[in-house]
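Note sheet for the following structure.
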2 protein chains.
Amino acid sequence: MAAKGRGRVTIGDVAREADASVTTVSRVLNDVRTVDPTLAHRVRQAIADLGYRPSAAAQSLARGRSGTLGVLVPDLANPHFSDLVKAFTATVRESGARVLVMDSDEDPAAERDLAEDLLRYADGLLLCAPRMPRADLAALAHRGTPLLVANRRDPGLALHTVDVDFHQGVLAVCGHLAQLGHRRVVYLAGPEGSWANRERLRALSGAEAFGLHVTVLACGSTTDDGHAAAERALAAGGTALVAYNDFVALGLLSRLAELGVRVPDAISLTGFDEIDLARFSSPPLTTVAVPRSGLGRAAARSLVRLMDGEVEGAFDALPVELHVRGSTSAPS
Amino acid sequence: MAAKGRGRVTIGDVAREADASVTTVSRVLNDVRTVDPTLAHRVRQAIADLGYRPSAAAQSLARGRSGTLGVLVPDLANPHFSDLVKAFTATVRESGARVLVMDSDEDPAAERDLAEDLLRYADGLLLCAPRMPRADLAALAHRGTPLLVANRRDPGLALHTVDVDFHQGVLAVCGHLAQLGHRRVVYLAGPEGSWANRERLRALSGAEAFGLHVTVLACGSTTDDGHAAAERALAAGGTALVAYNDFVALGLLSRLAELGVRVPDAISLTGFDEIDLARFSSPPLTTVAVPRSGLGRAAARSLVRLMDGEVEGAFDALPVELHVRGSTSAPS
DNA sequence: TTGAAAGCGCTAACAC
DNA sequence: GTGTTAGCGCTTTCAA
């Protein structure tokens with residue numbers, strides 16, 4: 001019935017109970033077909049009776065792999081990452097593995113250590129939007145364990161990567177604004193060291209070739225950051241505000257309402273990384289939807305393949321989609 | 001310099017390189033003092049030279065514990081849980097352990113299996129707002145591994161629990177509305193099976209004793225749910241809407257704006273579980289702040305103590321705080 | 001189809 | 001202060 005004696009139930013206990021060898025029990029556990037049905041049944045019975053669960057540690061040691069994949073994100077509370085992690089985890093689970101999640105709390109200095117620690121437990125690692133220095137990234141990549149980097153490219157480093165086409169997304173935003181007749185826009189920039197931000201800047205400077213003049217203002221990535229930057233943004237003198245993401249945009253929107261500045265009549269506003277609430281603000285936000293779950297799934301598939309030793313070809317950036325809503329209009 | 005031969009660098013390789021025994025290397029690794037400084041230095045040098053990392057699996061097996069704690073949440077993308085997980089993880093890490101996170105995707109049927117699986121890897125488990133049947137919860141609790149349940153109480157089950165005082169929070173909301181002069185309110189209910197929702201209902205019926213009449217409408221927990229429920233909520237004929245949480249409230253607010261119903265002039269509105277955006281909506285939301293991070297930290301401390309075999313006393317529900325803002329006023 | 005036994009890499013008695 | 005060695009619980013040749 002229950003576990004006997006002290007300590008955990010081991011495979012040996014099951015073997016004794018079923019009057020079989022540990023090898024046989026192991027075979028049943030691992031679905032090896034060459035076991036007599038009667039014996040297999042006895043073993044399964046014993047497993048159930050004793051409430052036996054194989055020790056993950058012992059299995060890992062004997063097999064030489066843990067069946068666990070690691071993910072390191074800068075901030076789990078950011079929907080961008082939690083959606084990615086959810087999709088990644090669900091997809092990985094389909095192939096029978098587990099996921100160990102760590103959060104670096106936006107601390108570039110901690111990233112390296114956490115990743116290193118994660119690698120002791122995991123058979124492979126997904127690094128999301130890492131902010132660590134190139135050298136650290138290179139060192140990790142050469143540790144031997146399969147490593148996949150999401151949303152950060154570095155041509156010099158020969159990393160395996162998956163990412164989203166931020167560049168195209170920002171070009172779409174700029175194109176939309178330009179076609180409406182805007183000529184001077186203000187960009188509220190995101191975190192330094194973020195590849196996503198660098199890509200946005202690169203696209204903005206591309207847009208300048210089309211006659212769009214862009215003023216860049218340091219800002220951040222939260223609603224508070226946006227709220228606090230509103231006055232500076234207005235002072236910069238554009239006809240449209242391009243926010244780093246939807247949180248910043250909603251913060252701006254809130255402050256603009258307090259200041260009596262009408263959106264989009266007095267000034268247009270765009271977000272990025274569409275969040276659920278973007279549809280529900282007043283006015284609803286023109287923004288760019290990025291395939292967060294798609295990225296998570298792609299990462300999972302890619303990492304699983306990497307671990308199977310398959311060589312990965314170049315990976316295209318996932319496409320994004322501009323959603324035009326009420327927060328943008330022709331300049332007055 | 002680098003790892004030699006095939007496969008991983010083991011403690012034996014380090015011992016050979018440093019001309020010491022594996023025991024000594026193990027001692028250095030585990031900060032046991034009784035090692036000659038010179039030898040210890042040689043060992044550390046060898047570790048660095050070889051790029052040695054102890055195998056987590058081997059350590060777990062030999063030590064009999066994994067140094068890993070599990071957390072199971074219904075939805076990582078919900079800030080309620082991601083904040084909790086972040087605080088839990090950070091606190092646990094201070095005591096040298098790691099955290100394995102799993103997401104049940106709001107599927108009560110999957111919870112039991114995931115928890116069971118988690119227990120094979122972890123020395124202890126935190127179950128957040130579990131929706132599984134009582135019997136499953138009871139079975140898990142009797143598995144032997146330390147188990148802590150957050151935000152679900154069950155007096156018959158003798159569980160170790162930590163939670164937030166939802167009851168008090170909803171009473172505060174109702175008291176606030178009653179004092180403003182409201183007599184008929186509509187409650188937009190959250191997920192069935194959620195203890196948080198049951199506690200809210202319990203508080204609402206308590207408030208009826210004070211003459212507040214409450215109509216309960218099934219709704220959900222997302223912005224979409226709130227948006228979709230607005231017409232029904234208006235039809236229910238109250239002077240105030242009490243939403244299950246801030247997402248529902250913001251969804252309602254958005255739809256009410258579309259319908260031309262002014263908040264709070266035509267109808268008052270309250271949220272719950274204050275999110276960042278609550279301050280920034282128009283009007284800003286009257287809501288209840290719950291100590292998400294505090295709960296995560298409390299859970300971590302409690303679980304660590306449980307694992308040290310310390311018997312836990314009863315745990316008080318963490319206090320919450322009503323934040324009155326522009327979305328509530330006296331009925332017209 | 002089944003079982004005995006040799007590891008997997010590390011820790012922790014126990015001896016020296 | 002240091003080393004030898006017997007496990008930890010499982011998988012996996014290799015024989016039978």
Side-chain angles (χ1 to χ4, degrees), chain A residues 3-43 46-47 50-68 96 119-121 123 144-145, chain B residues 3-44 46-47 50-68 96 119-123 144-145:
Chain A
K4 63 159 78 108
R6 329 181 320 90
R8 74 176 299 147
V9 181
T10 73
I11 197 173
D13 298 330
V14 175
R16 201 170 313 116
E17 177 84 7
D19 194 25
S21 71
V22 294
T23 310
T24 300
V25 177
S26 175
R27 288 198 179 103
V28 172
L29 244 35
N30 295 288
D31 285 323
V32 176
R33 313 301 305 270
T34 64
V35 176
D36 182 277
T38 317
L39 221 197
H41 181 262
R42 260 196 353 256
V43 168
I47 289 175
L50 298 174
Y52 166 73
R53 302 273 144 185
S55 146
Q59 285 186 321
S60 300
L61 185 57
R63 289 177 175 153
R65 3 174 227 90
S66 65
T68 300
L119 281 179
R120 298 200 308 121
Y121 289 82
D123 301 332
T145 321
Chain B
K4 63 158 79 109
R6 329 181 320 90
R8 73 177 299 148
V9 181
T10 74
I11 198 173
D13 298 329
V14 175
R16 202 170 312 118
E17 177 84 8
D19 195 26
S21 71
V22 293
T23 310
T24 301
V25 177
S26 175
R27 287 196 179 105
V28 171
L29 244 35
N30 295 288
D31 284 323
V32 177
R33 312 300 306 268
T34 63
V35 177
D36 182 276
T38 316
L39 221 198
H41 181 263
R42 250 185 16 242
V43 169
R44 268 186 265 276
I47 289 175
L50 299 174
Y52 167 73
R53 303 272 145 184
S55 145
Q59 286 186 320
S60 301
L61 186 57
R63 288 176 176 152
R65 355 173 235 93
S66 65
T68 300
L119 282 179
R120 299 200 306 123
Y121 289 83
D123 300 332
T145 321

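Below, each value reflects all heavy atoms present in this structure, side chains not excepted, and no hydrogens, waters or symmetry copies. Chain letters run A, B, ... following the sequence lines, proteins first and then strands; every chain starts at 1. Everything numeric here is computed off the predicted structure, so don't read it as measured data.
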(request) State whether the number of non-hydrogen atoms from other residues, nucleotides or ligands found under 6.0 Å of B/R42 atom CZ is greater than 12. (result) yes
(message) What verdict does the side chain to side chain contact (heavy atoms under 4.5 Å, CB included) test give for B/T68 and B/Y121, after you've listed the backbone C-alpha separation in whole Å, the side-chain angles of each residue and the deciding distance to 0.1 Å?
(response) CA-CA 7 Å; B/T68 300; B/Y121 289 83; 5.5 Å; no
(request) Specify the residue among A/V22 and B/L61 whose closest nucleotide of DNA chain D lies further upstream toward the 5′ end. (result) B/L61
(message) Using modelled atom types and a 3.5 Å cut-off, is there a donor and acceptor pairing between side-chain atoms of A/T145 and backbone atoms of A/L119?
(response) no
(message) The test is side-chain hydrogen bond (donor to acceptor under 3.5 Å, both in side chains); show your working for B/S21 and B/T24 and say whether it passes.
(response) CA-CA 5 Å; B/S21 71; B/T24 301; 3.2 Å; yes
(request) Round to the nearest Å and state the distance from B/L50 atom CG to C/dG9 atom P. (result) 14 Å
(request) Identify the heavy atoms of A/A40 and A/V28 that sit nearest to each other, and give their distance. (result) CA-CG2, 4.0 Å
(message) Main chain of A/S66, side chain of A/D123: is a donor-acceptor contact present, judged purely on distance under 3.5 Å?
(response) yes
(request) Report yes if a side-chain nitrogen or oxygen of A/Q59 is closer than 4.0 Å to either non-bridging phosphate oxygen (OP1 or OP2) of D/dT11; otherwise report no. (result) yes
(message) Would you compute the distance between atom CD1 of A/I11 and atom CG of A/L29 and round it to the nearest 0.5 angstrom?
(response) 6.0 Å
(message) Run B/T38 and B/H41 through side chain to side chain contact (heavy atoms under 4.5 Å, CB included) and show every step you take.
(response) CA-CA 5 Å; B/T38 316; B/H41 181 263; 5.8 Å; no
(request) Within residues 28-36 of chain B, find the residues that approach DNA chain C with a heavy atom at under 4.0 Å, and present them sorted by residue number. (result) B/N30
(request) Please check if the side chain of A/N30 supplies one atom and the backbone of A/R27 the other of a donor-acceptor pair under 3.5 Å. (result) no
(request) Measure the distance from CD1 on B/I47 to C1' on C/dC10 and round it to the nearest whole Å. (result) 13 Å
(message) If you compare all heavy atoms of A/E17 against all heavy atoms of A/A46, which two are closest, and at what distance to 0.1 Å?
(response) CG-CB, 3.5 Å
(request) Check whether any side-chain N or O of B/T10 sits under 4.0 Å from OP1 or OP2 of C/dG9, and answer yes or no. (result) no
(request) Calculate the interatomic distance between A/R63 atom CZ and C/dG7 atom C1'; express it in whole Å. (result) 16 Å
(request) Mind calculating the distance between CD1 (A/I11) and C1' (C/dC8) to the nearest angstrom? (result) 15 Å
(request) Look at the side-chain N and O atoms of B/S55 and state whether any lies under 4.0 Å from the OP1 or OP2 oxygen of C/dG9. (result) no
(message) Roughly what angle, to 10°, lies between the helix axis at the start of the helix from C/dT1-D/dA16 to C/dC16-D/dG1 and the one at its end, five pairs per end?
(response) 40°
(request) Can you tell me the distance, in whole Å, between the OH atom of A/Y121 and the P atom of C/dG9? (result) 17 Å
(request) Determine yes or no for a side-chain-to-main-chain donor-acceptor pair under 3.5 angstrom, with B/R120 supplying the side chain and A/R53 the backbone. (result) no
(request) Would you confirm whether B/S26, through its side chain, and B/V22, through its main-chain N or O, come within 3.5 Å as a donor-acceptor pair? (result) no
Polar pairs (N or O, both sides) under 3.5 Å between protein and nucleotides 13-16 of chain D?
none

(request) Report yes if at least one side-chain N or O of B/S26 is closer than 4.0 Å to OP1 or OP2 of C/dC10; otherwise report no. (result) no
(request) Can you tell me the distance, in whole Å, between the CZ atom of A/R53 and the P atom of D/dC8? (result) 22 Å
(request) For A/T24 and for B/R65, find the nucleotide of DNA chain C with the closest heavy atom, then tell me which residue's nucleotide is more 5'. (result) A/T24
(message) Please report the distance, rounded to the nearest Å, between CZ in B/R8 and C1' in C/dC8.
(response) 10 Å
